[in-house]
Amino acid sequence: MSLTLAPAPVLANILDAVGHTPLLRLRLGGVPAGVELWGKCEWFNPGGSVKDRTALSIVTEGERSGALRPGRTIVDSSSGNTAVGLALVGRAKGYPVELVMPASVGEERQRLCRAYGATIVFTDPLLGSDGAMVKVREIVAADLDRYFYADQYRNPANPLAHYRTTGPEIWEQTGGRVTHFVAGLGTSGTVVGTARYLHERNPRVRVVAVEPDHGMHGLEGLKHMASAIVPEIYEPRAHDEKISVVTEDAYAVCAEVLGGDGLLVGHSAGAALWAAREVALALRSGVVVALLPDGGERYLGASRGIHSRASER
Ligand code: PMP
């Protein structure tokens, strides 16, 4: 590998660094020789996750529509990564940010949000991300004029972020060769928006949605749709297939890509890679792209091991 790499971007604003993430060839064991497995490395976003795309899209669309104007506070519920994204975008654009999250959200992320200047309201961890969603709606309803409700579960600007950026990037980075796209379901914005773009370019691209095998799981950021409040932006027909992943299997793949590729990825990325390998195993040739939402450094806290299961953390 040469030390003279591609020219580094020169940016006018930190928000210009959102998106344009690397696509990385992976060497995960068991993938047939004729199948290419690629990871879309979303921890390269400035706030450290795929949700920077969503946060920037929601805030920009809010400004464009007039719903977000100076003096208003951005508010939303989030299991963590959208919170960081909104805290970053709000800070960079000069809006106060208030975040509602289950008290079980990792301390790393709470500290990050506070460092960006956001305030946090905690909800009962046993009620998961649904409990935080119910609470934020109460807060907004009590003072409609004060808030811009980002509403990532209902806001079309969420999937739009992926229709406009994630999808086109994957298409370009694979030279239009992508055959399978594999990504986890949380709000479903990633799957719905990316699928819409890829299917427009080539209806034969197979989109595989990934979800935890049941409601009580340890895959932060992912939703088990059958036992959760289904997000309004979710379109079950956006994906061609759904694969359920067991928490322990996802964690094992995180260890495997750390050993094999030197990648420290988050647990939902492990789930996407576990499912991507299942997909690859059934193929003789193909270009499989797995979306890796964040890095593993967010899950290093002592209480974040495999034994700290919680629903929808
Ligand atoms: N993984 C992680 C770590 C996340 O934070 C999220 C966002 N909830 C997802 C996966 C799922 O992404 P989406 O909300 O776009 O479905």
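Only heavy atoms go into these numbers, but all of them, side chains included; no hydrogens, no water, no symmetry mates. Order of appearance sets the numbers: ligands from 1, and atoms from 1 within every ligand.
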Test side-chain contact (heavy atoms from CB on, under 4.5 Å) applied to Glu42 and Leu292, Asn81, Asp52, Val50, the passing residue: Val50
Check: Tyr153 and Met133 side chains under 4.5 Å, non-hydrogen atoms: yes
Close-contact set for ligand 1 against Tyr299 heavy atoms, below 4.0 Å: 3 (C)
Glu138 atom CD, over 12 foreign heavy atoms within 6.0 Å: yes
Ring geometry between His267 and Tyr251 (parallel below 30°, tilted from 30 to 60°, perpendicular above 60°): parallel
Where ligand 1 meets Ser188 - atom numbers and elements under 4.0 angstrom, heavy-atom basis: 13 (P), 14 (O), 16 (O)
Single-linkage hydrophobic cluster, 4.5 Å side-chain cutoff, Val279 and Trp38 together: no
Ligand-side contact atoms (ligand 1) for residue partner Asp294, heavy atom cut-off under 4.0 Å: 3 (C)
Residue pair Thr21 / Lys40, side-chain donor-acceptor N/O under 3.5 Å: yes
Leu24 with Leu273, same ILVMFWY side-chain cluster at under 4.5 Å: yes
Option with minimal heavy-atom separation from atom 4 (C) of ligand 1, where the choices are Ala209, Ala271, Gly221: Gly221
For atom 1 (N) of ligand 1, the protein heavy atom that lies nearest, with its residue and separation: Ser268 OG, 2.6 Å
Atoms in ligand 1 with a heavy atom of Gly186 nearer than 4.0 Å: 11 (C), 13 (P), 14 (O), 16 (O)
Protein heavy-atom partner closest to atom 7 (C) of ligand 1 - residue, atom, separation in Å: Lys51 CD, 3.5 Å
Nearest-option assignment for atom 13 (P) of ligand 1, heavy atoms, candidates Thr54, Thr194, Thr187: Thr187
The one among Asn158, Val192, Leu222, Asn81 that brings a heavy atom closest to atom 3 (C) of ligand 1: Asn81
Residue, atom name and distance, where the atom is the protein heavy atom closest to atom 15 (O) of ligand 1: Thr190 OG1, 2.5 Å
